[in-house]
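Below you'll find the structure, written out as structure tokens, and then a few comments.
Remember, it's a predicted structure, so these values are computed and weren't measured experimentally.
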Amino acid sequence: MNLFCAGLLALGLAASGGCGEKERELPEVPGNFVRYACEIDVRSDILRQNVSIAVLLPQDYLSAPERRYGVVYLLHGLGDTHKSWNDQWLRIESTVAQCEAAGLGDMIYVMPTGFRSYYVDRIDGNFDYMKMFVEELVPYVDRTYRTIADRDHRAAVGYSMGGFGAMILPSCHPELFCVSVPLSMSFRTDEQYMSEPGSGWDSQWGAIFGGKGLSGEARLTDYYKAHCPFYMFTEENASKYADVAYYLDCGDDEEQLLVANDDLHRQLRDIGFAHEYRVRNGAHTGDYWRGAMPEVLRFIDCRFNGQPFASAGRTAYASHKAARRTVELAGVEAEIFTPEGYDPGRSYTALYLLHDGRLPLSSDEVLNVLAATQNAKPFVLIAADAAAGDFSLEAFVSAAEAEFALGADRDHRLCLAAGDAGRAAFAAAAGDSPFDSLFLLDAAIDPVAGPSSEVFYYIALTDEGRNYASANELYKACRAAGIGFEYRVTDGTPDDAAAAERCLEAMRSKIGEKITLK
């Protein structure tokens, strides 16, 4: 008898592998209730074998026998199994418990084995995994557990290969799912697929999508294109997927995968397709995916309950202690903030805050976000509207250094540029850069000039930011050239003060790291 049956035999729930089908009765709560059952075998006639699943039930599943619940399908990556979500690795039970304590609604979590299928049917018809999922697994879950058996209460979440499954299952079957959450989705651009080494192509994708043993464009079969997000999400086809809520997330330390995921985000933005998108610090690791889950689960909970997904509100920061004055530098009005205990006889790093008048935070608010950094490593903040046509960055920097106790070399200059002010800052950095580091906050740039190998770039914007295309180009150019960078995409609109604060919060530790003291 498997663990599930041992824990829930009194319920009479259906599970194959020793228990058989029974009517769903609602007896008193047994004393040996097992909330998280890791070994359940579901017989598949389509695959002609058992499919192992794990199930995590709500804490009140037995004590509230009239309740029904939405279902979240959790899909694992290549080489992993349904057990990979356990509390030794992805820790789904602990994560759910913490989120429930913070107000998350109750849901049923189903974790099926995905083999090496990419959660689709093989082109040769020898392993119809998607057909099994749709025709056997979902019906099994709905008749076995007290689910709300409609599309508005089903979600798919997955990482790596499971990220592809979490994208493709709801996209191919929007009648079954309302939420798609691919984390570090394993897929490629056409160019990446065409240049993939033969052994990797044949073992991972060629056998599934066709083109095994082939190279170049011959790999891009019609079957591949029918399952490729780049071909699915076009202006002509986008309406097919409009009823699914998509949430994409991929770490900036990924190698090939962020290229494909970020290109897809750019394509979705280009066609005006609404979706959530995040780029956080991290790579292809369990830590990264665990870090995504609290917001992912809140996103799903909102959708299941018909509520809009709301961005986090503003943070209450303590006011900074810097002294503020307004001066004219090279014909431009500037705000100067000198740290507490400012000593004109000492040399400070300068952080130039260049904006275009549309930054939704005041200079004081920017410094409030950075106050802890400034208290630890004092710097001078110099803020100005740099979008005017007669603004000269070289003259502005020279005037600031003549007026204040600044380091007067590039190792003691950082620039935080927002909006259209990014053009002047990026152009200056592309040549003989006056700055050691350039922090770009939804900044407009001309990527044709290319990044400088002498500059560190920090690219941050919201998933509805105005300058998503140039951010995509700059990130890829830095990666290709081996130039130091960080890339972050957070939630919100470019005119949202809370979203701007989140971007600055992401930058804060790196700004502190780059400040040089004399």
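- Across Phe233, Tyr277, Phe309, Phe299, a single residue satisfies ring pair (Phe, Tyr, Trp, His ring centres under 6.0 Å) together with Tyr246, and that is Phe233.
- When ring centroids are compared, Phe127 and Phe115 come within the 6.0 Å threshold.
- Note on Asp495 versus Arg466: salt bridge recorded, some NZ/NE/NH1/NH2 to OD/OE distance being below 4.0 Å.
- Within a 6.0 Å radius of NZ in Lys510, more than 12 heavy atoms belonging to other residues, nucleotides or ligands are found.
- Checked against a 6.0 Å centroid threshold, the rings of Phe187 and Phe164 do not count as neighbours.
- Crowding of Lys476 atom NZ: a count of heavy atoms from other residues, nucleotides or ligands under 6.0 Å exceeding 12.
- Judged purely by distance below 3.5 Å, without hydrogens or angles, the side chains of Asp249 and Tyr159 never pair a donor atom with an acceptor atom.
- A cation-pi contact links Arg146 to Tyr61, judged by a cut-off of 6.0 Å to the six-membered ring centre and 45° from its axis.
- Salt-bridge formation is not detected for the pair Arg280/Glu486: no Lys NZ or Arg NE/NH1/NH2 atom is positioned less than 4.0 Å from an Asp or Glu carboxylate oxygen.
- With a 6.0 Å radius and a threshold of 12 heavy atoms from other residues, nucleotides or ligands, Glu217 has its CD atom at or below the threshold.
- Separation of the Phe485 and Tyr457 ring centroids does not fall under the 6.0 Å cut-off.
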*Go through the steps for Tyr69 and Asp60 under the test side chain to side chain donor-acceptor pair (under 3.5 Å), then give the verdict.*
CA-CA 11 Å; Tyr69 307 87; Asp60 72 349; 2.7 Å; yes
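- Between the side chain of Trp201 and the main chain of Ser195, no donor-acceptor pair closer than 3.5 Å is present.
- Contact annotation: the side chain of Val296 approaches that of Leu183 to within less than 4.5 Å [non-hydrogen atoms, C-beta and beyond].
- Put simply, the side chain of His275 gets close to the backbone of Phe273: a donor and an acceptor are under 3.5 Å apart.
- Judged by distance alone, the side chain of His76 and the main-chain N or O of Gly114 form a donor-acceptor pair under 3.5 Å.
- Side-chain N or O atoms of Arg116 include none that pairs as donor or acceptor with a backbone N or O of Gln204 at under 3.5 Å.
- Between the side chains of Asp263 and Thr189, no donor-acceptor pair is found at a separation under 3.5 Å.
- Residues Glu136 and Ser44 bring a donor and an acceptor atom of their side chains to less than 3.5 Å of each other.
- Between the side chains of Tyr288 and Asp253, no donor N or O sits under 3.5 Å from an acceptor N or O.
- Using a cut-off of 4.0 Å between Lys/Arg side-chain N and Asp/Glu carboxylate O, Arg35 and Glu100 are scored as salt-bridged.
- Of the possible donor and acceptor atoms, one in the side chain of Ser470 sits under 3.5 Å from a partner among the backbone N and O of Asn467.
- With 3.5 Å as the limit, one finds a donor-acceptor pair spanning the side chains of Ser160 and His284.
- Between the side chain of Thr95 and the main chain of Arg91, a donor-acceptor pair closer than 3.5 Å is present.
- Side chain of Arg269 to main chain of Gly465: a donor-acceptor pair is present (N/O by atom type, distance under 3.5 Å, no hydrogens or angles).
- In this model, a donor atom of one side chain and an acceptor atom of the other lie less than 3.5 Å apart for Asp190 and Tyr224.
- Side-chain atoms of Asp270 and Tyr468 form a donor-acceptor pair, as typed in the model, at a separation below 3.5 Å.
- The main-chain N or O of Tyr193 is found under 3.5 Å from a side-chain atom of Arg219 such that the two form a donor-acceptor pair.
- Under the 4.0 Å criterion applied to side-chain N and carboxylate O atoms, Asp128 and Arg122 are not assigned as salt-bridge partners.
- Taking the six-membered ring where the residue is Trp, Trp289 and Trp89 present perpendicular rings, their angle passing 60° and hence far from 30°.
- The pair Glu295-Arg278 counts as a salt bridge, with a side-chain nitrogen and a carboxylate oxygen less than 4.0 angstrom apart.
- With no hydrogens or angles considered, a side-chain donor-acceptor pair links Asp150 and His153 at under 3.5 Å.
- Around CD of Gln192, the count of heavy atoms belonging to other residues, nucleotides or ligands within 6.0 Å exceeds 12.
- A donor and an acceptor atom, one from each side chain of Asn86 and Tyr36, are nowhere located under 3.5 Å apart.
- With respect to Arg479 and Glu255, a salt bridge is recorded, a charged nitrogen being found less than 4.0 Å from a carboxylate O.
- The closest side-chain donor-acceptor pair between His82 and Thr113 falls under 3.5 angstrom.
- Panel note: side chain Asp301, backbone Leu104; no donor-acceptor pair is recorded below 3.5 Å.
- Between the side chain of Arg151 and the backbone N or O of Phe177, at least one donor-acceptor pair lies under 3.5 Å.
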